[in-house]
Amino acid sequence: MDRIRIVGGRRLTGTIPISGAKNATLPLMIASLLTDQTLILDNVPRLADVALLERILGNHGVDIMVSGKRSGETADHGQTLHISAAHIVDTTAPYELVSRMRASFWVLAPLVARMGQARVSLPGGCAIGTRPVDLLIMAMERLGAQIEIDRGYAVARAPRGLRGAEIVFPKVTVGGTHTAIMAATLAAGTTVIENAAREPEIADVADCLNKMGARISGAGTQRIVVEGVARLGGARHAVLPDRIETGTYAMAVAMAGGDILLQNARPELLQAALDVLQQAGAMVTATNQGIRVARNGGALAPVEVTTAPFPAFPTDLQAQLMALMTRARGTSHIVETVFENRFMHVQELVRLGARIHLQGERATIEGVERLKGAPVMATDLRASVSLVIAALAAEGETIVNRVYHLDRGFERLEDKLGRCGAEIERLSG
Ligand code: UD1
C-alpha cells in the first residue's frame with residue numbers, strides 16, 4: 001500500500017492548478033444514464049472514485065471513452081469523458097461496488113426514471129457516521145416508485161413511469177437533492193423540491209441536465225422546480241472547479257506559510273471558508289486567474305466555526321481547518337453539525353502533538369507551539385488530507401499510511417504540493 005512521506009517546515013510558493021470537482025463529476029457521470037445519447041464531460045479529475053464509478057456504470061452497460069490528450073495539454077488539464085448509455089444491459093448495482101463508494105447508490109434515480117426499475121445495494125456503514133439513504137428513498141417514493149428492501153438491496157419499480165410531486169426534505173441532503181432532480185427530469189408533470197441542498201455542485205449538475213433538455217429552475221436555491229420531459233438528449237459540459245480541493249490547498253498555504261495562486265479556483269464557491277482563513281490571518285485575494293492565498297510570518301489567530309450545508313462552512317473542510325488550528329495562538333472551537341462521528345482525524349493529529357478535546361459534536365483545539373512528525377494513519381478522504389496539512393508544519397518526518405483514501409479525492413496531491421516547494425514524496429508498495 002502506498003504511503004506519503006512529508007518533511008515539514010518548507011514554505012509554499014508558486015501555482016497549484018485546481019481540478020474539476022469530484023462531487024459534481026460523480027452525479028454528472030450518473031446523469032448519463034438518463035439518455036441514450038452521448039454525454040461529453042470536460043475537466044474531469046483523475047481520481048480513484050471516478051475510475052470506480054466508470055466500473056459501476058460499465059456494469060450497467062455504459063460505454064465510456066476517454067479522449068486522448070490534445071497537443072499542449074498536460075496532466076494539469078482534466079480528462080474528457082464521452083459517456084454513452086445507449087444500451088443499458090443490467091439495472092442491478094451490486095454490493096461489491098456500491099459498498100466502496102456511497103454516491104454510487106444515486107444510480108437508483110436515473111435507472112428507475114428511464115428503465116422503470118432498478119436493484120441497487122444499500123451502501124452499508126461508513127467511517128463517518130451512519131449516513132442513511134432514507135431520504136433518497138422517500139424522494140423516489142414521492143415520485144411514484146414502489147421500493148422494497150430485499151436482502152440488502154433497494155428494489156425499485158415504476159412500471160408506468162414516475163410522476164411529478166412535491167418533495168419536502170426534513171433535512172438538507174445533497175444526495176437526496178441530486179436523486180430528486182434526476183428522477184423528476186423524466187417524470188410526468190411538475191416536481192417541486194423544498195429545502196433542497198444549495199451546494200454549487202447541485203447547480204452544476206442541473207445546468208448540464210438543462211443542456212440535455214431538462215427543464216429545471218431554481219437549482220442553487222432552497223426551492224427547485226422540475227418540469228418533466230419525455231426524453232433527454234446528449235450534451236457537452238465542463239465540470240466546475242473543486243471548492244474542497246481549493247479550500248484544502250488554501251489551508252495548506254496558511255499552515256506552511258508562503259504565497260500560492262490557486263489557478264481556476266472561484267471564490268464564490270467557498271466564501272465562508274475564505275472568510276475563516278482571513279480571520280485566521282491569511283491574505284486571500286481574488287484574481288482573474290483564480291485565488292491567491294498568502295501568509296508571511298505572523299501567528300495564526302484562533303477561530304470559531306460551525307459546519308453546515310452550503311453556503312456555510314463545509315463539513316468537507318472541517319478536518320483541514322482543525323489541522324490548521326492546531327498551530328493557532330489560542331483556543332479554537334469547531335462544531336460539526338452535518339455528520340456525527342466525523343472526528344477520526346483527531347487521534348491522529350494528537351499523535352503529531354496537537355491538543356484537541358472532544359465533547360459530542362464540539363471540538364476544542366488549543367494551539368501549540370510546534371508539531372512533531374510521526375507515522376499516522378489516514379481513515380477517510382478529508383481526514384487523510386488534514387494529516388498532510390499538519391505534516392507540512394511539523395518538525396521532521398511524517399509518514400501518512402493508507403494513502404488510497406487520498407487518491408479517492410485529490411489528484412496528484414504530492415505532485416501539486418511538491419512543485420510548490422513542499423518536501424513530499426510517495427513511497428510505493
Ligand atoms: C455529499 C458529498 C460529501 C459531503 C456531504 C455533505 C458527494 C459525492 N458527497 O454527501 O462529500 O460531505 O454531501 O456536504 O457529493 N442523511 C439522512 N438521510 C438520507 C441522506 C442523508 O439522514 O437519506 C443525512 C446524513 O446522514 C448527513 C446529512 O443528511 O447527516 C447530509 O448528508 P448528504 O448531504 O446526503 O451527504 P451525501 O450526499 O452523502
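All ligand and atom numbering here is 1-based and tracks the order in the structure. Being a predicted model, the structure only gives us computed values, none of them experimental.
Contact annotation for L135 and ligand 1: heavy atoms of both the backbone and the side chain come within less than 4.0 Å of the ligand. Contacts of E201 with ligand 1, taken as heavy-atom pairs under 4.0 Å, are absent altogether.
Considering every non-hydrogen atom in both A21 and E201, the closest pair reads CB-OE2, 4.4 Å.
Near L136, the atoms of ligand 1 lying under 4.0 angstrom from a non-hydrogen atom of the residue are 20 (C), 23 (O). Atoms of ligand 1 lying under 4.0 Å from any heavy atom of V133, numbered from 1 in the order shown and given with element: 19 (C), 23 (O). Ligand-side atoms of ligand 1 in range of W106: 7 (C), 8 (C), 15 (O), 38 (O), range being under 4.0 angstrom from any heavy atom. The contact set between ligand 1 and G175, taken as ligand atoms under 4.0 Å from a residue heavy atom, comprises 35 (O), 38 (O). Interface of T315 with ligand 1, defined as ligand atoms under 4.0 Å from a residue heavy atom, comprises 6 (C), 12 (O), 14 (O).
Within 6.0 Å of CZ on R402 lie no more than 12 heavy atoms contributed by other residues, nucleotides or ligands. The neighbour count for Q359 CD, taken as heavy atoms of other residues, nucleotides or ligands under 6.0 Å away, does not exceed 12.
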Q. Should R355 and E366 be marked as a salt bridge (charged side-chain N to carboxylate O under 4.0 Å, His left out) after you check the CA-CA gap, both sets of side-chain angles, and the distance that decides it?
A. CA-CA 5 Å; R355 277 202 212 124; E366 245 181 88; 3.5 Å; yes
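Between the side chains of T80 and D42, at least one donor N or O sits under 3.5 Å from an acceptor N or O.
Residue N23 has at least one N or O atom closer than 3.5 Å to an N or O atom of ligand 1. Where the criterion is an N or O separation shorter than 3.5 Å, residue side chain and backbone included, V174 meets it with respect to ligand 1. Considering backbone and side-chain atoms together, R102 places no N or O closer than 3.5 Å to any N or O of ligand 1.
Counting heavy atoms from C-beta outward, L53 and I56 have side chains that approach closer than 4.5 Å.
Comparing D49, L381, V338 against atom 30 (O) of ligand 1, the shortest heavy-atom distance belongs to V338.
For the side chain to side chain contact (heavy atoms under 4.5 Å, CB included) test, no residue two or more places apart in sequence or in another chain qualifies with N264. Listed by chain and number, the residues in a side chain to side chain contact (heavy atoms under 4.5 Å, CB included) with P241 are I18, R266, L269 (sequence neighbours excluded).
Proximity of P132 to ligand 1 is established by a heavy-atom distance of less than 4.0 Å. No heavy atom of Q318 sits closer than 4.0 Å to any atom of ligand 1.
In this structure, R119 is positioned above the aromatic face of Y153, its NZ or CZ under 6.0 Å from the six-membered ring centre and within 45° of the axis.
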